[in-house]
Amino acid sequence: TTRSWDFLGISQNVPRVKQVESNIVVGVFDSGIWPENPSFNDDGFGPAPANWRGTCQASTNFRCNRKIIGARAYRSSTLPPGDVRSPRDTDGHGTHTASTVAGVLVSQASLYGLGVGTARGGVPPARIAVYKICWSDGCSDADILAAFDDAIADGVDIISLSVGGKVPQPYLYNSIAIGSFHAMKRGILTSNSAGNNGPKSFTVTSLSPWLPTVAASSSDRKFVTQVLLGNGNTYQGVSINTFDMRNQYPLIYAGNAPSIGFNSSTSRYCYEDSVDPNLVRGKILLCDSTFGPTVFASFGGAAGVLMQSNTRDHASSYPLPASVLDPAGGNNIKRYMSSTRAPTATIFKSTVVRDTSAPVVVSFSSRGPNYVTHDILKPDSTAPGVEILAAWPPVAPISGVRDSRSALYNIISGTSMSCPHVTAIAVHIKTFYPSWSPAAIKSALMTTASPMNARFNSDAEFAYGSGHVNPLKAVDPGLVYDASESDYVKFLCGEGYTTAMVRSTTGDNSACTSGNIGRVWDLNYPSFALSISRSQTANQSFRRTLTNVVSGASTYRASISAPQGLSISVNPSVLSFNGIGDQKSFTLTVRGTVSQAIVSASLVWSDGSHNVRSPITVYVLG
Amino acid sequence: DSNDDGRKIYIVYMGSKLEDTASAHLYHRAMLEEVVGSTFAPESVIYTYKRSFNGFAVKLTEEEALKIAAKEGVVSVFPSEKNHLH
C-alpha cells in the first residue's frame, strides 16, 4: 500500500528483524496470486526457509519464486466458467491482500496516477504461500478446510484469511473456526476479516476467541471527485475516478429517462434496465441513489454517472466517469438543470484530500455483538481497510466489471483489506518474539491499540473492538493475556460442548467436568464484554491472568475509566512482576445499571511506560 | 451444490489428526460404507483431511449426514456452504 503503513506509523525504516522476517511464511487463503506483479519480485531473496514443507502447483502458466514459495489451488466442485484451475489470480483480491501483507517495495505505484507512491507490504521480507480457496462463485467450507489441513502441515507461520460466511455458526460447525483452532494448536495465528455487512448489529460472523477479527477503518487519505456544472458551480463527490472527461457533457436526470416498462419513480434511482439507453447516450446521468458497477452496463453509452448517498465514507471504482454526491449537492444540480435549457457538467479525475477525522470505522464494516457467545467481544480490533492501493493482476477488472482499463495496482475497500494489515503486524510481533503463542500476539495487538472515538462510531466497541492497531506499541506490550489450547477447551466446555467433542478436537484426554467447565467470563481474553437484559442490574466478575513479557521487575497499577452508574473494581489493583514469564491474576467486577444500549469503560494496567488497555463493554441484549 | 441424486457436500469433522495418517482414508471409508451401504461410491469423497486434523468432505444425503453425525468419534457434520471474499 502507498499510505496505510505510514498512517499506522510503520515507516520504511522501522526497526525490523529482517533475517527472521525473511524466514516467516505467510499463508494467504484467497483467490490466488498474480506472481509476475512487481510486488512479488524475488530479487535478493534466498532459498525458502529450511522448515518449509509446502509445494508449488507449477504449470506452464504459473511459477513460484523465492518470494512466493508455495501455491496450491482447492476446488471441490465443478469449475465455474472463466475460472482457471491454478493458483493464478484472475479476480484481483488475493493479489491485493498478499501484497498488503508482504509485498516488496515498488516505487511510483499508482492506479492511473491515483494514490501514487511506494507500494509496500507490512513485512516486505516475509515469504508468501498461496492457498487458492476462492473462485468466482465463492469459497466453500470444504476447500477452506483442505487449505487449513495443508497449510498447517506445510509449515506456514501465520494465516491471513479475508473471507467469511453469511451467517454465524457454532464454533465446531464452522470451517474457519475449526481450521484456525487446529492452526492455533500448532502456534499459528489466523487473522480474519470481520465482514462487510455493517452497520447492522450482530453482523460479524468471525466469532472464535482464538483468532483476531478485524474491522475496517479509514486512513487520512481520502479520494474525492469534483463535478463542475455548466454554470461554474462545483460539487465534491467521492469515487475512485481514473477518467478525465476534459469537456462539458449534457446532463440528464434519470427520472426523465425511464425505459419502456418503467416510470420516473423507479428510473430516478437508476435501477437496472430502468433507464432508456437511447436517451442517456453521450450524456452525464444524474441518479437519486448509489449502486454497484454492474448496473452501469444497462446505461448503454452514457458518458458519466452522478449518484447520491448520505453515506460516503468510502469511494468505489466504476467503469465510467462517476462521482457520488451528497443529496444536497444532487438537489442543487437538479435546480440547475431545471433553470437552463441545456444543462452540462463534467466529472474530473479524482484527487486526494487529507481526512483529519481518520481513523473512523467505515459503515460497511460488520458490527458486534457476538451472536454465538454474547460475552466475548467481537470484532477485536480495527485496521485500515478503506481505499487501499495494492497489487492487482492486469487481467482483473478495476471496478469489478470489465472495461478498457488494465493496471498493476488497484484501490479497493473492505475488511478484506484491513485483515492483512493485522496479519503483517502479527508477523512483525512474531519476529521479535518467535515463541509467543497466537493468544499472546493477539493480546499485544489488542491491548496496545489506540482507543477510538464513539462520537464517530455510535456502535462503539461493536464497531472497533479494542481500537485501532498500533504496530509500534504492539511490539512492546509489557504484559499479555495469554491463553492455550486447554483454556479454549474450558471455554468450549462452558459453551456446551461435550467431553467427547472436545476430546476428539484436542486428541488428548481433555474432559468437560464440573471443575473444568469454563465460565465465559474467565477465558483469559484481552477485552471484557457483558450482556444484560433490559431490567437487569450488572453484577459479574471476570478472572484474568497477566504474563509479564519484559525483563526485570515491574509494578503495574490498575486504573478504571467508567461512566456514572457503573461500578468497576479490580482486585488486586497492584500487580508486581519479577521478570519475563511471571504471571499474576486479578478479578474485575462490574456492578450497576446501564442507561444506554452500549456502555463503554476501560481497564488500563500501567507501569509508567507500558499501558495495557482493555475495553469493558456492557450492553443491553434484546 | 446439490447433485441430481439429492446429495450435497458435507464436512465430517472428527477432531485431532490420527496418529496413523496413512490409514485415515480407510477409516473414513469404513465408516461411510457402514452408513451409506452398498451404494457407497468412493469418488463421493471430495477431500480427506489427515495432515493436520481428522475429517473428510463427502457427498451425502441429509439422512446419511445425520447417521454419520451419530457415529462415535465424529465431532460435527455440516453442509459445505459458500463463504465470500470480504
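Proteins come first, then strands; the chains are lettered A, B, ... in the order of their sequence lines, and each starts at number 1.
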| Can you list every ring pair (Phe, Tyr, Trp, His ring centres under 6.0 Å) pair that touches residues 138-176 of chain A, not counting sequence neighbours? | A:Phe29-A:Phe148, A:Tyr171-A:Trp210, A:Tyr171-A:Phe491
Interface residue of largest heavy-atom contact number with chain B, from [options], under 4.5 Å:
{"options": "A:Cys419, A:Gly195, A:Ser416", "result": "A:Ser416"}
{"options": "A:Ser366, A:Cys139, A:Ala500", "result": "A:Cys139"}
{"options": "A:Asp154, A:Ile176, A:Asp508", "result": "A:Asp154"}
{"options": "A:Ser175, A:Gly507, A:Ser162, A:Ser418", "result": "A:Ser162"}

Given a strict heavy-atom distance threshold of 4.5 Å, which part of [X] is in contact with chain B: side chain, backbone, both, or neither?
{"X": "A:Leu161", "value": "neither"}
{"X": "A:Tyr74", "value": "both"}
{"X": "A:Asn197", "value": "neither"}
{"X": "A:Ala183", "value": "neither"}

Just how far is it from atom [atom1] of [X] to atom [atom2] of [Y], taken to the nearest 0.5 Å?
{"X": "B:Leu85", "Y": "A:Cys134", "atom1": "CG", "atom2": "SG", "value": "4.0 Å"}
{"X": "A:His182", "Y": "B:Ser16", "atom1": "NE2", "atom2": "OG", "value": "6.0 Å"}
{"X": "B:Ile11", "Y": "A:Leu145", "atom1": "CD1", "atom2": "CG", "value": "5.0 Å"}
{"X": "B:Lys59", "Y": "A:Ser76", "atom1": "NZ", "atom2": "OG", "value": "8.5 Å"}
{"X": "A:Ser77", "Y": "B:Ile9", "atom1": "OG", "atom2": "CD1", "value": "5.5 Å"}

| message | Within a 6.0 Å radius of atom CD on B:Glu33, are there more than 12 heavy atoms belonging to other residues, nucleotides or ligands? | response | yes
| For A:Lys166, does the NZ atom have more than 12 heavy-atom neighbours from other residues, nucleotides or ligands under 6.0 Å away? | no
| field | Residue pair A:Phe181, B:Phe53: steps toward the side-chain contact (heavy atoms from CB on, under 4.5 Å) verdict | value | CA-CA 10 Å; A:Phe181 185 90; B:Phe53 47 88; over 6 Å; no
| task | May I ask you to decide if B:Met14's main-chain N or O and A:Ser504's side chain share a donor-acceptor pair within less than 3.5 Å? | result | no
| query | Donor-acceptor pair, A:Ser193 side chain versus B:His86 backbone, under 3.5 Å? | reply | no
| field | Presence of salt bridge, B:Lys17 and A:Asp149, under 4.0 angstrom | value | no
For a 4.5 angstrom cut-off between non-hydrogen side-chain atoms, does [X] reach [Y]?
{"X": "A:Asn174", "Y": "B:Phe78", "answer": "no"}
{"X": "B:Asn83", "Y": "A:Ile133", "answer": "no"}
{"X": "A:Ile152", "Y": "B:Arg51", "answer": "no"}

| query | At a heavy-atom separation under 4.5 Å, does B:Tyr49 approach chain A through its side chain, its backbone, both, or neither? | reply | both
| request: Could you pull out the closest heavy-atom pair between B:Ser52 and A:Ala153, with the gap in Å? | output: OG-N, 3.2 Å
| note | Interface check, chain A: of B:Val77, B:Leu18, B:Val74, B:Val75, most non-hydrogen pairs under 4.5 Å belong to B:Val75
